[in-house]
Participant: 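The following block contains the structure, expressed as structure tokens.
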Amino acid sequence: MKIKGKEYQTIWFDEKNQAVKIIDQTKLPHQFTIKDLKTVKDAINAIKVMEVRGAPLIGGTAAYGIVLAIMEKNDPNFIKKSSEELIQSRPTAINLKWAVDRMTKKLSGVNNNEFLKVALDEAKAICEEDVKFCKNIGLNGLKIIEEIYNKKKDKVNILTHCNAGWLATINWGTATSPIYHAHKKGIPVHVWVDETRPRNQGANLTSYELNEEKIPNTVIADNTGGILMQRGEVDMCIVGTDRTLYTGDVCNKIGTYLKALAAKDNNIPFYVALPSSTIDWNIKNYKDIPIEERNSEELSHIEGLDENGNLKKIQIYPKKSKSMNLAFDVTPAKYVTGLITEKGVCEASEKGLKDLFK
Ligand code: MRU
């Protein structure tokens with residue numbers, strides 16, 4: 001999608017400099033910086049500090065991380081150790097392990113001197129596939145937006161949480177892809193963007209990318225969605241997910257669950273958009289999902305521009321106050337109207353997912 005009118009993807013391999021290029025998302029929306037990842041440590045760090053984030057993009061970065069490991073030291077022990085470190089770098093988004101496992105499988109039985117070529121081709125394939133899947137998610141979700149528009153004959157108001165936009169994937173996004181497709185088709189859409197404390201991915205990233213594509217959007221504080229739903233100002237919700245269990249339970253950015261409850265209470269459809277790489281076919285009980293707990297400084301401090309236009313981080317509440325920063329929560333399947341996938345829309349249930357994918 002576009003930034004200042006120029007098409008980008010979130011990650012790509014630069015043959016000339018033999019480096020992986022990423023857009024540093026910790027600097028957005030105030031600074032647009034492209035960064036080189038040259039070692040597997042760079043890739044691990046980029047995932048940990050969230051220079052790259054969002055489940056599909058974390059997966060793509062991990063795949064390229066294996067490429068970087070091979071470039072550094074073409075030694076099976078080093079690659080194995082690097083794979084393990086990559087998987088540990090963020091625990092909740094399953095795309096990370098999915099991508100590393102896929103790379104490992106592809107490399108098994110391959111001769112050492114072929115490792116780099118095979119790994120690079122596979123990392124590119126993972127990313128190209130994600131673009132294709134996210135595009136299809138958009139086309140499948142478009143039909144739902146179209147249906148609402150045909151009944152309402154007026155602007156469709158969509159609420160989203162966090163950033164499940166193109167910046168969270170390789171391109172198109174998951175939750176935003178139907179919105180981009182609707183906009184391209186001339187359907188009037190307006191997006192309520194949950195700010196998404198503590199890291200503000202909604203305000204900093206979703207609103208930014210929608211602005212760049214000229215899609216009307218309004219940032220709201222995380223607690224505002226409920227009253228907007230009661231007032232009839234939300235037609236549907238679409239969110240992304242970091243891990244959706246085969247039972248249909250959806251793990252996503254903290255606060256998603258509360259939006260789903262409010263949507264249920266107000267009879268508003270609540271959709272989750274995801275590529276199949278985000279489905280966890282093993283865990284049955286949502287309590288077994290590893291929920292990432294991040295540094296409490298993400299809550300107690302905030303970054304923005306000062307009066308001179310310089311990036312500045314400030315503390316916003318007492319140093320003495322204890323804080324807790326759980327990054328994800330789980331929305332039980334019963335609150336999810338449907339899962340929008342690359343293969344179609346299905347019920348959030350074991351049957352729904354298995355009918356579509358097995
Ligand atoms: O902590 P983040 O910013 O990586 O969390 C991102 C989300 O929660 C997204 O909704 C999810 O990864 C889906 S991205 C298409």
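Indexing begins at 1, ligand by ligand and atom by atom, following the structure's order.
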Participant: Which part of Ala273 is near ligand 1, with near meaning a heavy atom under 4.0 Å away: side chain, backbone, both or neither?
Facilitator: neither
Participant: Examine Lys358 relative to Trp281 and say whether NZ or CZ is less than 6.0 Å from the centre of the six-membered ring and inside a 45° cone about the ring axis.
Facilitator: yes
Participant: Report the residues that fulfil side chain to side chain contact (heavy atoms under 4.5 Å, CB included) with Glu297, sequence neighbours left out, ordered by chain and then residue number.
Facilitator: Asn295, Ser300, His301, Lys313
Participant: Taking only non-hydrogen atoms of His161, do any sit less than 4.0 angstrom from ligand 1?
Facilitator: no
Participant: If the contact criterion is a heavy-atom separation under 4.0 Å, does Ala327 count as touching ligand 1?
Facilitator: no
Participant: Is there a nitrogen or oxygen of Gly54 sitting under 3.5 Å from a nitrogen or oxygen of ligand 1?
Facilitator: yes
Participant: Under a heavy-atom criterion of less than 4.0 Å, does Asn163 contact ligand 1?
Facilitator: yes
Participant: Please state which part of Gln201 comes within less than 4.0 Å of ligand 1, counting heavy atoms only: side chain, backbone, both or neither.
Facilitator: side chain
Participant: Can you tell me which portion of Cys162 lies within the under-4.0 Å heavy-atom range of ligand 1? Options are side chain, backbone, both, or neither.
Facilitator: side chain
Participant: For Arg90, counting its heavy atoms only, list the atoms of ligand 1 lying under 4.0 Å from any of them.
Facilitator: 1 (O), 2 (P), 4 (O)
Participant: Within the structure, does Thr174 bring an N/O atom to less than 3.5 angstrom of an N/O atom in ligand 1?
Facilitator: no
Participant: Test: side-chain hydrogen bond (donor to acceptor under 3.5 Å, both in side chains). Region: residues 255-272. Which pairs qualify, not counting sequence neighbours?
Facilitator: Asp194-Lys259, Asn252-Thr256
Participant: Starting from atom 14 (S) of ligand 1, what is the nearest protein heavy atom, named by residue and atom, and what distance separates them?
Facilitator: Ala168 CB, 3.5 Å
